[in-house]
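Here, residue 1 is the first one in the sequence, and each next residue gets the next number.
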Amino acid sequence: MSHTAHIPSHRKPRQRASKSALRAGVAGGFLSTIAVAGAAGPAQAEPVTRTIEMPTITDGLSTAVAASAQATQQVALDLETQASEDAAAEKAAKAAKKAHAEAVRKAEAKKKAEAAAKAEAEAQERAERASRTSERTTLSASSGSSDSGSSASAPSSSNSSNVSGSAASIVAFAKAQVGDAYVSGGTGPNAWDCSGLVQAAYRTAGIDLPRVSQSQSTAGTQVSLDNLQPGDILYWGGAGSAYHVAIYVGGGEFVGAQNSSTGTVQRSMDYDRPTGAVRVL
């Protein structure tokens, strides 16, 4: 067979025209029916309302929505918790900073107070020494003739190694209190004022002295500072108006409760020469 020979087609013949006419007829009939029905119906008929049916929520969709809501709630809760923690941390940091500043302020205030107290004690001691020097100069000038023949050196009998009896008891007690605190009105056992220490020392020897320095400065026989013996009472100021007392312990030294800065000390008489002395034993 020639390759140009006619090959009959197996496709069905097109029916476009006949189908179009059929469709047009059907449509026309449908529209005519609607028109006739509308004309035949009542003039006041209400329009028909179409009801649209909403899609039904399935179990799967409901579960997904619930999970999403729960996740959103958890995120909100986490953010709220984090905000609370941040606020608490900030508050704690501010409190710590304030406490640190307060501690620094108190430390500085304490340091300043201690420095002021030390300066005041030193000033008081200088004032007391100056006052004693002035009193001694005045009294020495008024009684110069009575001491004109005295030797300037300490007597040889002042050596504390030769002390015995009541004097030894008084000296030993006084020396044992060296290092104790000074407290105005103190009578021991670990804090003294000047006359409280002298009274307690003499009590060890069975001697009851007056309580205050003014009375102790006249409690015995007045003796020269160049003729002292261990156990004698040294005083600063006038006899009967003394403002400080101590106990001579021999070797040119005394023990006394000086002031709040130094406490109870053993010092050379050259540190602060007394005005006079009284012998009670």
Side-chain angles (χ1 to χ4, degrees), residues 80-138 171-204 209-217 233-238 241-249 253-275:
E80 183 179 356
T81 302
Q82 183 64 43
S84 299
E85 292 177 353
D86 292 344
E90 183 178 1
K91 184 177 180 181
K94 289 182 179 179
K97 184 177 180 181
K98 183 177 180 181
H100 176 71
E102 182 67 13
V104 171
R105 185 190 67 78
K106 288 183 177 180
E108 291 178 351
K110 182 179 179 181
K111 186 177 180 180
K112 289 180 181 179
E114 291 176 349
K118 183 177 180 181
E120 183 179 358
E122 292 175 350
Q124 180 182 357
E125 183 178 3
R126 288 194 298 269
E128 288 177 356
R129 292 181 63 182
S131 178
R132 293 169 191 171
T133 300
S134 177
E135 288 279 353
R136 183 174 64 249
T137 301
T138 301
V171 169
F173 180 88
K175 287 185 175 182
Q177 314 315 309
V178 172
D180 284 355
Y182 173 93
V183 175
S184 179
T187 56
N190 299 311
W192 313 88
D193 65 8
C194 61
S195 56
L197 176 63
V198 172
Q199 183 186 50
Y202 269 80
R203 189 174 291 129
T204 64
L209 288 179
R211 172 64 182 86
V212 296
S213 58
Q214 292 89 341
S215 299
Q216 290 177 1
S217 65
I233 300 174
L234 305 177
Y235 63 85
W236 285 256
S241 61
Y243 54 84
H244 183 65
V245 290
I247 296 174
Y248 183 70
V249 295
E253 296 184 342
F254 66 86
V255 170
Q258 293 298 98
N259 52 56
S260 57
S261 177
T262 61
T264 302
V265 296
Q266 180 173 342
R267 296 279 175 84
S268 168
M269 289 177 58
D270 293 335
Y271 169 77
D272 188 10
R273 293 282 294 180
T275 304

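Contact detail for Asn259 and Thr262: the closest heavy-atom pair is OD1-N, 2.9 Å. Annotation for Ala242 and Tyr235: closest pair CB-CB, 3.9 Å, computed over non-hydrogen atoms. Nearest heavy atom pair, residue Thr275 against residue Trp236, reads OG1-CA, 3.6 Å. Closest approach of Gln216 to Pro210, counting heavy atoms only: NE2-O, 2.8 Å.
For CD of Glu80, the number of neighbouring non-hydrogen atoms (other residues, nucleotides, ligands) closer than 6.0 Å is 12 at most.
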Next on the checklist: Quick one, Lys97 with His100, criterion side-chain contact (heavy atoms from CB on, under 4.5 Å). Give me CA distance, side-chain angles, the key distance, then yes/no.
Outcome noted: CA-CA 5 Å; Lys97 184 177 180 181; His100 176 71; 5.7 Å; no

Checklist entry - When you look at Tyr271 and Val265, which way does the side-chain contact (heavy atoms from CB on, under 4.5 Å) test go after all the steps? => result CA-CA 11 Å; Tyr271 169 77; Val265 296; 6.0 Å; no

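With sequence neighbours left out, the side-chain contact (heavy atoms from CB on, under 4.5 Å) criterion links Thr81 to Leu77, Glu85. For Gln266, the side-chain hydrogen bond (donor to acceptor under 3.5 Å, both in side chains) partners two or more places apart in sequence, or in a different chain, are Glu253.
Side-chain contact between Lys111 and Glu108 is absent, with no heavy-atom pair separated by less than 4.5 Å. Counting heavy atoms from C-beta outward, His244 and Ser213 have side chains that stay 4.5 Å or more apart.
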Name each donor-acceptor pair under 3.5 Å that joins a side chain in residues 177-196 to protein atoms two or more places apart or in another chain, with its distance.
| unit_1 | atom_1 | unit_2 | atom_2 | d |
| --- | --- | --- | --- | --- |
| Gln177 | NE2 | Phe173 | O | 3.0 |
| Asp180 | OD2 | Trp192 | NE1 | 3.0 |
| Asp193 | OD1 | Gly196 | N | 2.7 |
| Asp193 | OD1 | Arg211 | NH1 | 3.4 |
| Asp193 | OD1 | Arg211 | NH2 | 3.4 |
| Asp193 | OD2 | Gly185 | N | 3.0 |
| Asp193 | OD2 | Arg211 | NH2 | 3.1 |
| Ser195 | OG | Arg211 | O | 2.9 |
| Ser195 | OG | Arg211 | NH1 | 2.7 |

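Using a 4.0 Å cut-off between charged nitrogen and carboxylate oxygen, Glu90 and Lys94 count as a salt-bridge pair.
Taken to the nearest 0.5 Å, the CD1 atom of Ile247 stands 9.0 Å off from the CG atom of Leu234.
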